[in-house]
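Note on naming: letters A, B, ... go to the chains in the order of the sequence lines (proteins, then strands), and numbering restarts at 1 for each one.
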Amino acid sequence: MKKVATRFAPSPTGPLHIGGVRTALFNWLYSKNQNGKFYLRVEDTDKERSKEEYKNQIIKSLKWIGINYDEKEYIQSNKIKDHIKIANELLKNGQAYKCYCSSEEIEEQKKRAKQKKIPYIYDRRWRDKSEADAPKNIQPVIRFKSKIDGTSLLKDLVQGDVEIDNNTIEDFIILRNDGTPTYNLSASVDDHLMNVTHIIRGDDHKINTFKQIQIYQAMKWEIPSFAHIPLIHTIEGKKLSKRDKASTLDDYSKIGIMPDALRNYLLRLGWSYKDKEIFTLDESIKLFNLEGIGKSPSKLDMNRILSMNEHYIKSIDENHLFDQLTEYCKLYKNEIQSDKKDKIKESLIFLKNKAKTLEDIFNNGQYIMVDEVNFNKDDIKLIDDKAKKVISDFNTQLGSVDKLNKETLEPIVNELIKSNDTNFKGVGQPLRIALTGSKFGPGIYDIIISLGKEEVRKRLTSKKIS
RNA sequence: GGUCCCUUCGUCUAUCGGUUAGGACACAUGGUUUUCAUCCAUGAAAGAGGGGUUCGAUUCCCCUAGGGACCGCCA
């Protein structure tokens with residue numbers, strides 16, 4: 001049995017979006033599940049549109065979400081000579097031919113087809129013509145001699161049997177008139193050279209598959225297995241495109257979505273294993289299979305991503321969470337000052353309880369990270385004279401407390417409630433605003449304990465609230 | 001227009017001929033709570049339509065409708 005090898009083959013002509021990441025994930029998981037190899041192949045043969053920055057973004061994205069590829073990434077443009085060699089071989093074997101149609105001529109044919117409302121397909125006019133008829137002033141393209149009669153059957157691992165008439169596949173170009181290879185040629189040759197056994201890709205490639213299979217057959221190569229997965233759709237139900245916002249990994253990471261959460265979400269988008277929702281990395285490798293992939297396209301659901309992230313925030317190890325938070329703040333917010341790190345880490349246990357994203361944790365913990373309280377404009381208005389008295393009373397009482405904990409603080413608060421003839425809110429709210437700048441936030445005891453006595457007293461005597 | 005694919009709660013999905021059609025997210029209500037949350041409980045919510053096949057169809061077949069992908073000397 002041949003060792004399983006899969007690949008992810010994006011073209012660096014735009015930022016990698018979340019649909020591509022899912023394709024990469026499925027390929028990666030399948031290879032891991034089968035104890036095989038997984039390669040990254042950068043299809044950069046479109047010199048006009050390929051950009052180094054996109055290539056880097058792709059590599060960075062895969063790394064971020066934890067997909068590692070075997071060997072160094074393949075750069076398709078390095079292999080162009082191999083592709084051309086195969087084209088010439090096909091030409092020599094009579095399985096491809098030179099076509100001397102000018103691009104104007106082809107355009108004209110397309111236009112005519114459109115007018116008549118019939119599907120355009122190249123009319124194979126050079127398929128059987130002799131070289132002697134070739135016009136001297138035209139550089140020919142090389143076309144593959146596709147099958148004309150009969151049907152072809154694709155035994156797709158996801159879609160089942162798909163059969164089409166061979167005459168719907170035209171004699172496609174494999175070498176342009178500048179001598180460079182086209183996608184279907186390059187992809188087939190590379191997949192063969194890389195010993196790829198399973199091609200898992202979006203079902204927008206299905207027609208290409210019929211072309212590529214013919215190349216394999218013509219070259220007498222072993223045909224790999226194919227699995228065409230349904231595309232991810234936007235809320236509007238259209239194919240996810242590079243223009244859609246919030247579709248690159250960066251868009252998610254900057255709002256504080258964690259890699260594991262997104263990985264888990266993507267795994268369950270179009271794939272399922274019974275009723276199971278949460279998969280550790282190991283579980284996903286162990287359980288992933290092609291049978292579990294659905295046949296219908298699925299839509300992105302931000303609520304789901306958020307709630308998955310929330311789940312991971314609440315369930316992962318706190319050291320790990322802290323590391324991710326630190327990294328997140330460094331990248332997208334302000335770096336956490338080193339003297340605040342311990343406090344943040346200790347407070348994670350309650351900061352994370354109200355967070356769906358790392359950004360939420362950052363916001364919840366802002367009051368610890370800042371040196372000066374930033375008051376919410378509306379909330380500070382709630383500090384009236386009565387509130388000021390509560391704050392000042394509390395500060396006085398605090399003076400005689402050594403250890404800050406719920407047991408020492410609760411009696412003070414209860415006492416203040418009585419002496420000021422109010423309820424808990426009447427005490428808790430002014431204190432919370434004074435200490436954090438907002439009436440929303442963690443429990444008041446958590447806030448006080450996390451800040452420490454000195455800092456609390458400093459904030460309670462701030463000019464802005466007294 | 002042609003070819004191909006798809007169709008279960010709003011969303012992601014389970015079901016592989018017999019179920020009160022299950023779960024998760026979101027939503028609603030109630031409870032806990034010292035604000036906001038969390039948490040817990042409860043609820044509402046689905047087989048596109050029409051024909052077959054069958055004792056019995058969400059499940060198998062056909063048609064219709066709707067949606068999508070592809071139809072480049074892009075990948």
Heavy atoms only, 4.0 Å cut-off, all strands: where does A/Cys101 land among base, sugar-phosphate and nothing? base
Would you mind classifying the nucleic acid contact of A/Glu170 as base, sugar-phosphate or nothing, using non-hydrogen atoms under 4.0 angstrom? nothing
More than 12 non-hydrogen atoms from neighbouring residues, nucleotides or ligands closer than 6.0 Å to CG on A/Asp161, yes or no? yes
Answer with base, sugar-phosphate or nothing: what part of the nucleic acid does A/Val162 contact at a heavy-atom distance below 4.0 Å? sugar-phosphate
Does B/G68 have OP1 or OP2 sitting under 4.0 Å from an N or O in the side chain of A/Lys206? no
Using nucleotides 38-41 of chain B, report all nitrogen or oxygen pairs with the protein that are shorter than 3.5 Å.
none

Side-chain N or O of A/Lys238 closer than 4.0 Å to phosphate OP1/OP2 of B/A69: no
Is there a side-chain contact between A/Lys295 and the phosphate of B/C6, meaning an N or O under 4.0 Å from OP1 or OP2? yes
Which parts of nucleotides 10-21 of chain B does protein reach within less than 4.0 Å, heavy atoms only, written one letter per nucleotide 5' to 3' as B for base, S for sugar-phosphate only and - for none? -SBSS-------
Looking at A/Asp191 and A/Val196, would you say the former's side chain and the latter's main chain have a donor-acceptor pair under 3.5 Å? no
Could you check whether A/His228 and the base of B/A69 form a stacked pair, meaning centres closer than 5.5 Å and planes differing by less than 30°? no
Looking at A/Thr182, does any N or O in its side chain come under 4.0 Å of the phosphate oxygens OP1/OP2 on B/A75? no
